[in-house]
Novice: 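To start, I am sharing the structure in question, which I have written as structure tokens.
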There are 2 protein chains.
Amino acid sequence: MAKKATQNKLTSHNGKVSIHDVAREAGVALSTVSNALSGKDYVRETTRLKVREAAEKLGYRVSVVARSLRMKRTFTLGVLLADVANPSSPDFLRGIEDIADQEQCGLLVCNTDGQLEKQLTQMRVLLDRRVDGLVLLSQHCQQPAVRALLEDGTPFVMLQRRSLQHEDTYVGANNDEGIGAAIKHLAGLGHKRIGLIRGPRDSSTADERYDAYIEGLKAHRLEINPQWVIQGDYHVKGGYDAGKRFFALDRRPTAILAANDMSAIGVMNAAHEAGLKIPADFSLIGLDDIEMASFSPINLTTIALQRREMGAAATSLLMKMIRQKSTPKPKKKIFPMKLIVRGSTGPAKAD
Amino acid sequence: MAKKATQNKLTSHNGKVSIHDVAREAGVALSTVSNALSGKDYVRETTRLKVREAAEKLGYRVSVVARSLRMKRTFTLGVLLADVANPSSPDFLRGIEDIADQEQCGLLVCNTDGQLEKQLTQMRVLLDRRVDGLVLLSQHCQQPAVRALLEDGTPFVMLQRRSLQHEDTYVGANNDEGIGAAIKHLAGLGHKRIGLIRGPRDSSTADERYDAYIEGLKAHRLEINPQWVIQGDYHVKGGYDAGKRFFALDRRPTAILAANDMSAIGVMNAAHEAGLKIPADFSLIGLDDIEMASFSPINLTTIALQRREMGAAATSLLMKMIRQKSTPKPKKKIFPMKLIVRGSTGPAKAD
DNA sequence: TTGTAGGCGTTATCAG
DNA sequence: CTGATAACGCCTACAA
């Protein structure tokens, strides 16, 4: 019995107070402290109280890292996104946080800048930290290297982006519906030439929206013209460039559907520079409904996305997967999109 | 010697492969694996290679949680901010991330929504996870309860907010300079009545800016009028309300200095609603220079803050504190502010 | 240069 | 109901 060195350890706490100290203070066994504090129902109330008092007095705080090691659960979720600075990211993040908070989980947030290499690095950072699950809000979700990392067994959800080649749990939005409503709105205003600024390549969402655009044009028997589809990048600059290219066309669209609000803002910048008025000279529709879209100098008609709700839904799904260790069949949840008509759309100019 | 149960453990890895497995695969001792992988220079190169190969083959990834427990270092930083969704937050976050990444640290990000209660909860979440350090980008930094948590010994930096009652390591901006330049600019344009939308209470930065505003007016011998100082909250809504109150004044300012760009946007919304033109009817200056400020429909004259640089500087300071365990004297780093003249300022209207 | 033997702070499993 | 004791996976003296 005298072999353990535990005894002399009892006195020396180098800064942090541990469960040992609480046990000693409360005059109970170490395991009792753990049981009492973690709310085991078989602990006598008086004991629990005694323990709690001791803990309080000593300023004891559990070490989540020790607990994580033991429980093989870190109570931490990893979030991978292209760019926090994109105005739509924080809303998703908030939704994720809503659930994480209520599940006592922390959030490890990483940016990938849309670069595969960075994404891999960040995924490793997350996995090495043994996060309980991953929320992927980033591109490259069908790259082999990414998939390899995903095979690791850590539960994950795709949010807003997905891999068409894999059956993953996914939360997205009904792009058909959103784009459809936008085109219907424009058609109703008499627009016959509708342009599209595409989202980045390697984005499933951008693909879906493109398809929905084509479908929408067909549905309203509008002209489909490859010149009216310009590649964007979800950023202002891309929208600006696309806008300039549109304006340079001889037969140019009377309405532009932008990949997202930031692209639409880019178009606004370009229009301003070119002396074109919106919606007098052409109509413009964004997508996302970021806060800024509603500011009166911008006043952008756009297709709203329920980002916070989507983030929360994805995280709920993730938590479910984490809880029931076994991976049942992947779930999908598609949120509605809603057209918000503001001041950037108006009747088509008579030709 | 036959008492240890280590041996039968060697075969059973329930999912994750551990350093044990690598040791066995490589035919070396467990500690050698650790040494080899963590780059100890006394490991023979051939051994290191052998180990690396084995690790690769088995798909071994270090468990940062186990390492954290052992090393008493989690390689994780906690970031506390009022709101990720505020457009200026992500830029700070990026700066923080720049350094964290290069230091192999992860970032645990929490929102407080400016609520003391939430801030305390989040701080506990962070501290329980034994983050190596804290970046505080949130209010309430002089509340006793917050200070108590800070006493815990975890290194921390104040970014953009600080406690005037405590000597903390702090990274901020030169508010005098920024506000001074703005007022000089307005005075130069002939403005004699300059209003201010104040930042939230309990914010040191808002206080500093208010002081700078008063100093600026004095320096240019301009009228100081309490009616021209309206409380805002750094949000659009607060700016909108303030704007309306300004417009309702009988003798109203010909120029408004907003607490931040979001407040300024709020004023723009209010002006639009009231049929007032900027800068024809009054001039407006924001503060932050968020990306949006440069978009042509907004085109806001503003005072730029080097957010990303500030975030990075704060984090560098923090890392330094973490490394040299001892807490030397707190450092301060003040960044310049720069007036960016755009289209929201113009000559004062003749009275 | 490599191997051995703790122990970091918890929780879980069993005996009492 | 409470109390020993063994892991969890890793790092680090110290010994060989």
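Nothing here was measured: the structure is a model prediction, and the numbers come from that model. Here is the naming used below: chain letters follow the sequence lines, and residue numbers restart at 1 for every chain.
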Novice: In chain order, what residues pass the side-chain hydrogen bond (donor to acceptor under 3.5 Å, both in side chains) check against A:E309, with sequence neighbours excluded?
Specialist: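 Checked A:E309 against side-chain hydrogen bond (donor to acceptor under 3.5 Å, both in side chains); zero matches.
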Novice: Using side-chain contact (heavy atoms from CB on, under 4.5 Å) as the criterion, list what pairs up with B:S138, not counting sequence neighbours.
Specialist: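 side-chain contact (heavy atoms from CB on, under 4.5 Å) check on B:S138 returns B:L80, B:T112, B:Q119, B:L136.
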Novice: What nucleotide among D:dC10, C:dA12, C:dT10 has an atom nearest to a side-chain atom of B:Y60?
Specialist: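 Output: D:dC10.
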Novice: Regarding A:V64, tell me which of base, sugar-phosphate or nothing describes its non-hydrogen contacts under 4.0 Å with the strands shown.
Specialist: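 Nothing: the residue A:V64, judged by heavy atoms under 4.0 Å, touches no strand.
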Novice: Under 4.0 Å between a Lys/Arg side-chain N and an Asp/Glu carboxylate O for B:E53 and B:K50?
Specialist: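 Salt bridge flag = no for B:K50 with B:E53.
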Novice: Expressed in angstrom and rounded to an integer, what is the separation of A:L69 atom CG from C:dT10 atom P?
Specialist: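 From A:L69 CG to C:dT10 P: 12 Å.
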Novice: Checking B:K333 now: which residues fulfil salt bridge (Lys or Arg N to Asp or Glu O under 4.0 Å) with it, not counting sequence neighbours?
Specialist: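 Salt bridge (Lys or Arg N to Asp or Glu O under 4.0 Å) check on B:K333 returns nothing, list empty.
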Novice: I need the full list of salt bridge (charged side-chain N to carboxylate O under 4.0 Å, His left out) pairs touching residues 129-140 of chain B, with sequence neighbours left out, sorted by first then second residue.
Specialist: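 Every salt bridge (charged side-chain N to carboxylate O under 4.0 Å, His left out) pair that includes a residue of residues 129-140 of chain B, provided the two are not neighbours, is B:R73-B:D132.
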Novice: Could you check how far CD1 of A:I19 sits from P of C:dA12, rounded to whole Å?
Specialist: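 Checked: the CD1 to P distance equals 11 Å.
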Novice: Taking any heavy-atom pair under 4.0 Å as a contact, classify B:V28: base, sugar-phosphate, or nothing.
Specialist: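 Sugar-phosphate only.
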Novice: Whole Å only: how far is the CZ atom of A:F75 from the P atom of C:dT11?
Specialist: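 Checked: the CZ to P distance equals 9 Å.
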Novice: Who are the side-chain contact (heavy atoms from CB on, under 4.5 Å) partners of A:A145, not counting sequence neighbours?
Specialist: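 side-chain contact (heavy atoms from CB on, under 4.5 Å) list for A:A145, sorted by chain: A:L120.
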Novice: Nearest whole Å is fine: how far is D:dT12 P from B:R73 CZ?
Specialist: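 After rounding, the gap between these two atoms is 12 Å.
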Novice: Answer yes or no: are there more than 12 heavy-atom neighbours, outside A:K57 itself, under 6.0 Å from its atom NZ?
Specialist: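 No, the 6.0 Å shell around NZ holds no more than 12 heavy atoms from other groups.
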Novice: With sequence neighbours excluded, tell me which residues meet side-chain contact (heavy atoms from CB on, under 4.5 Å) with A:K40.
Specialist: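 In terms of side-chain contact (heavy atoms from CB on, under 4.5 Å), with neighbours along the sequence ignored, A:K40 is linked to A:N35, A:S38, A:Y42, A:V43.
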Novice: Take the protein atom CZ of A:R67 and the nucleotide atom P of C:dC8, then report the distance between them rounded to whole Å.
Specialist: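 To the nearest whole Å, that distance equals 19 Å.
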Novice: Just to verify, what does A:D152 make a side-chain contact (heavy atoms from CB on, under 4.5 Å) with, not counting sequence neighbours?
Specialist: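 With neighbours one apart ignored, the set is A:L127, A:T154, B:K16.
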Novice: Counting just side-chain N and O atoms, does A:K72 come under 4.0 Å of either OP1 or OP2 of D:dG9?
Specialist: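 Indeed, a polar side-chain atom of A:K72 lies that close.
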Novice: Compile the donor-acceptor pairs under 3.5 Å between side chains in residues 92-102 of chain A and protein atoms, sequence neighbours left out, one pair per line.
Specialist:
from	atom 1	to	atom 2	distance (Å)
A:R94	NE	A:E97	OE1	3.4
A:R94	NH1	B:D113	OD1	3.3
A:R94	NH2	B:D83	OD1	3.1
A:R94	NH2	B:D113	OD1	2.5
A:E97	OE1	B:N111	ND2	2.8
A:E97	OE2	B:N111	N	3.1
A:E97	OE2	B:N111	ND2	3.1
A:D98	OD1	A:R308	NH2	3.0
A:D98	OD2	A:R308	NE	2.8
A:D98	OD2	A:R308	NH2	3.4

Novice: Can you tell me how far P of D:dA4 sits from CG of A:L30, to the nearest Å?
Specialist: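 So the two atoms are 9 Å apart, to the nearest Å.
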Novice: Side chain of B:S31: nearest nucleotide among D:dA13, D:dG9, D:dC10?
Specialist: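 Nearest listed nucleotide: D:dA13.
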Novice: Mind running a 4.0 Å heavy-atom check of residues 42-49 of chain B against DNA chain C and sending the residues that fall below it, in number order?
Specialist: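 Heavy-atom cutoff 4.0 Å gives B:Y42, B:V43, B:R44, B:T47.
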Novice: May I have all residue pairs that pass salt bridge (charged side-chain N to carboxylate O under 4.0 Å, His left out) and include part of residues 134-148 of chain A, sequence neighbours excluded?
Specialist: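 Sorted pair list: A:R147-A:D168.
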Novice: Expressed in angstrom and rounded to an integer, what is the separation of A:R70 atom CZ from C:dA12 atom P?
Specialist: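 After rounding, the reported distance stands at 6 Å.
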Novice: Looking only at the side chain of B:S63 (C-beta and beyond, no hydrogens), which of the listed nucleotides D:dG3, D:dC10, C:dT10 gets closest?
Specialist: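 Of D:dG3, D:dC10, C:dT10, D:dC10 is nearest to the side chain of B:S63.
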Novice: Taking five pairs at each end, how big is the angle between the two axes of the helix from C:dT1-D:dA16 to C:dG16-D:dC1, to 10°?
Specialist: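 Rounded value for the end-axis angle: 40°.
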Novice: Using a 4.0 Å cut-off on heavy atoms, which residues in residues 32-40 of chain B reach DNA chain D? List them by number, or say none.
Specialist: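 B:S34, B:N35, B:K40, in order of number.
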Novice: For the pair B:T315 (side chain) and B:G311 (backbone), establish whether a donor and an acceptor sit closer than 3.5 Å, ignoring hydrogens and angles.
Specialist: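 Yes: the side chain of B:T315 pairs with the backbone of B:G311.
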Novice: What's the CE-C1' distance between B:M71 and D:dC10, to the nearest Å?
Specialist: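 Those two atoms, CE and C1', are 10 Å apart.
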